[in-house]
Undergrad: 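What follows is a single structure, and I will ask about it in a moment.
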Amino acid sequence: MPLTAAPTDDHVRTRNVATLRTYFRLLSALDIDAWIELWAPDCEVLAPYTPGEVPALIDGRDRLYDFYAGEAAKYTRLRYPGTEIWPLHDPSRAVVRWFPHAELIGGGMYLNENVGLFEFDGAGLIRRFVEYFSPLPLTPTTTVVVVGQV
């Protein structure tokens with residue numbers, strides 16, 4: 001049986017970038033079933049936007065599924081223009097900046113600037129995610145200029 005060479009840092013980093021690109025594509029499509037498969041079974045998310053605005057730790061795929069399925073039920077459309085992924089020297093970590101732009105089922109839209117730290121397990125699945133965001137509510141007369149975006 002031939003031996004498989006251990007992946008290099010660049011291989012792991014490339015795989016993790018692909019995971020994150022898929023993450024945002026599936027989340028924008030609101031395909032929660034496929035999206036949840038990108039997470040390790042014992043994953044955790046530090047989410048600062050739970051009810052009551054109290055940061056909460058969400059752990060495990062089941063709880064993540066319930067949380068994000070509930071979030072998806074609020075949107076008719078969800079996009080992530082201008083997503084930036086920065087792999088770090090440690091290939092098991094990456095920083096991401098993105099701008100969720102959503103149309104709400106109840107009417108109205110919003111645009112946030114988010115920054116998150118992702119950590120991956122040895123298989124390239126998402127093990128941990130810490131998210132920070134600055135909400136920028138939009139109204140029909142609001143113009144939002146995002147620095148560095150065209």
Side-chain angles (χ1 to χ4, degrees), residues 1-51 53-104 109-138 144-150:
M1 185 171 182
L3 296 176
T4 302
T8 65
D9 284 358
D10 284 341
H11 290 152
V12 175
R13 187 176 292 111
T14 300
R15 177 177 63 199
N16 292 343
V17 169
T19 296
L20 291 178
R21 291 189 196 283
T22 304
Y23 170 99
F24 287 106
R25 179 175 57 79
L26 293 174
L27 195 54
S28 289
L30 302 180
D31 188 347
I32 305 301
D33 289 310
W35 175 83
I36 204 74
E37 294 300 320
L38 297 176
W39 292 85
D42 57 350
C43 60
E44 63 181 30
V45 170
L46 183 61
Y49 48 87
T50 53
E53 303 299 321
V54 177
L57 187 66
I58 305 171
D59 58 347
R61 282 180 171 173
D62 290 344
R63 289 190 62 203
L64 278 184
Y65 181 93
D66 291 342
F67 181 80
Y68 282 100
E71 287 291 295
K74 299 176 185 177
Y75 308 124
T76 58
R77 186 174 305 145
L78 183 63
R79 292 180 288 124
Y80 295 94
T83 300
E84 303 165 358
I85 300 172
W86 298 303
L88 302 179
H89 179 69
D90 175 357
S92 69
R93 306 173 87 196
V95 172
V96 180
R97 180 175 180 235
W98 69 102
F99 303 92
H101 189 179
E103 181 179 340
L104 303 174
M109 301 185 76
Y110 74 77
L111 173 68
N112 285 349
E113 177 180 1
N114 293 26
V115 176
L117 171 67
F118 287 83
E119 296 179 354
F120 307 91
D121 67 9
L125 297 177
I126 301 166
R127 170 62 61 80
R128 187 166 188 266
F129 171 47
V130 182
E131 182 176 9
Y132 312 89
F133 77 100
S134 301
L136 302 171
L138 293 182
V144 174
V145 177
V146 180
V147 176
Q149 301 295 311
V150 178

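Not measured: the values here are computed from a predicted model. Numbering starts at 1 and runs along the sequence shown. Basis for what follows: all heavy atoms, side chains included, without hydrogens, waters or symmetry-related copies.
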Undergrad: Any side-chain heavy-atom pair from V45 and F67 closer than 4.5 angstrom?
TA: no
Undergrad: Go through the steps to decide whether I58 and L46 satisfy the test side chain to side chain contact (heavy atoms under 4.5 Å, CB included), and finish with yes or no.
TA: CA-CA 6 Å; I58 305 171; L46 183 61; over 6 Å; no
Undergrad: Taking the side chain as every heavy atom from C-beta outward, state whether R25 and T22 have any atom pair closer than 4.5 Å.
TA: yes
Undergrad: For atom CZ of R77, decide whether the heavy atoms of other residues, nucleotides or ligands shown that lie under 6.0 angstrom number more than 12.
TA: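 No, because the 6.0 Å sphere around CZ of R77 holds 12 heavy atoms or fewer from other groups.
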Undergrad: Under 3.5 Å, is there a donor-acceptor pair between the T8 and D10 side chains?
TA: no
Undergrad: Does a side-chain heavy-atom distance below 4.5 Å link P91 with D9?
TA: yes
Undergrad: Distance-only, no hydrogens or angles: does the N114 side chain make a donor-acceptor pair with backbone N or O of E131 under 3.5 Å?
TA: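 Flag not set: sc N114 to bb E131 has no pair under 3.5 Å.
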Undergrad: Could you grab the distance from atom CG of L38 to atom CZ of R21, nearest 0.5 Å is fine?
TA: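 Here the interatomic distance stands at 14.0 Å.
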Undergrad: How many angstroms lie between CZ in R79 and CG in L111, if you round to the nearest 0.5 Å?
TA: 9.5 Å
Undergrad: Can you tell which of Y68, W35, F120 makes a ring-ring contact (aromatic ring centres under 6.0 Å, His included) with Y23?
TA: W35
Undergrad: Taking all non-hydrogen atoms of both residues, which atom of E37 and which atom of R61 are closest, and how far apart?
TA: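 So the two residues come closest at O-NH2, 3.4 Å.
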Undergrad: What are the two closest non-hydrogen atoms of A72 and L30, and how far apart are they?
TA: CB-CD2, 3.8 Å
Undergrad: How many angstroms lie between atom NE2 of H101 and atom CG of L78, to the nearest 0.5 angstrom?
TA: 10.0 Å
Undergrad: How long is the straight-line distance from CG of L26 back to CD1 of I36, given to the nearest 0.5 Å?
TA: 11.0 Å
Undergrad: Output yes when a side-chain donor or acceptor of R127 lies under 3.5 Å from a complementary backbone atom of D42, and no otherwise.
TA: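 No, the answer is negative, given that no donor and acceptor are paired below the 3.5 Å cut-off.
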Undergrad: What I'd like to find out is whether the side chain of L104 reaches to under 4.5 Å of the side chain of Y75, using heavy atoms alone.
TA: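 Yes - at least one pair of side-chain heavy atoms lies under 4.5 Å apart.
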Undergrad: Please name the pair of heavy atoms, one in D90 and one in S92, separated by the smallest distance, quoted to 0.1 Å.
TA: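 Nearest pair, atom of D90 first, then S92: OD1-OG, 2.8 Å.
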Undergrad: In terms of heavy-atom contacts, does CG of D59 have more than 12 from other residues, nucleotides or ligands at under 6.0 Å?
TA: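 Count over threshold, so yes.
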Undergrad: If you look at every heavy atom in A94 and L88, which pair is closest and at what distance?
TA: CA-CG, 4.2 Å
Undergrad: Does any non-hydrogen side-chain atom of L125 lie less than 4.5 Å from one of T19?
TA: no
Undergrad: With rounding to the nearest 0.5 angstrom, report the CG to OH distance, N112 to Y80.
TA: 9.5 Å
Undergrad: Looking at V17 and P87, what are the two nearest heavy atoms and their distance?
TA: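 Distance-wise, the nearest heavy atoms are CG2-CG, 3.4 Å.
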Undergrad: Atom CG in L27, atom CD1 in I32: separation rounded to 0.5 Å?
TA: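 CD1 of I32 is found 5.5 Å from CG of L27.
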Undergrad: For a 4.5 angstrom cut-off between non-hydrogen side-chain atoms, does E119 reach L117?
TA: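 A side-chain contact exists here, since the closest heavy-atom pair is under 4.5 Å.
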Undergrad: Could you label the plane-to-plane angle of the F129 and W98 rings as parallel, tilted or perpendicular, counting under 30° as parallel and over 60° as perpendicular?
TA: tilted
Undergrad: For L57 and R63, work out which heavy atoms get closest and say how close.
TA: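 Looking at all heavy atoms of both residues, the shortest contact is O-NH1, 3.6 Å.
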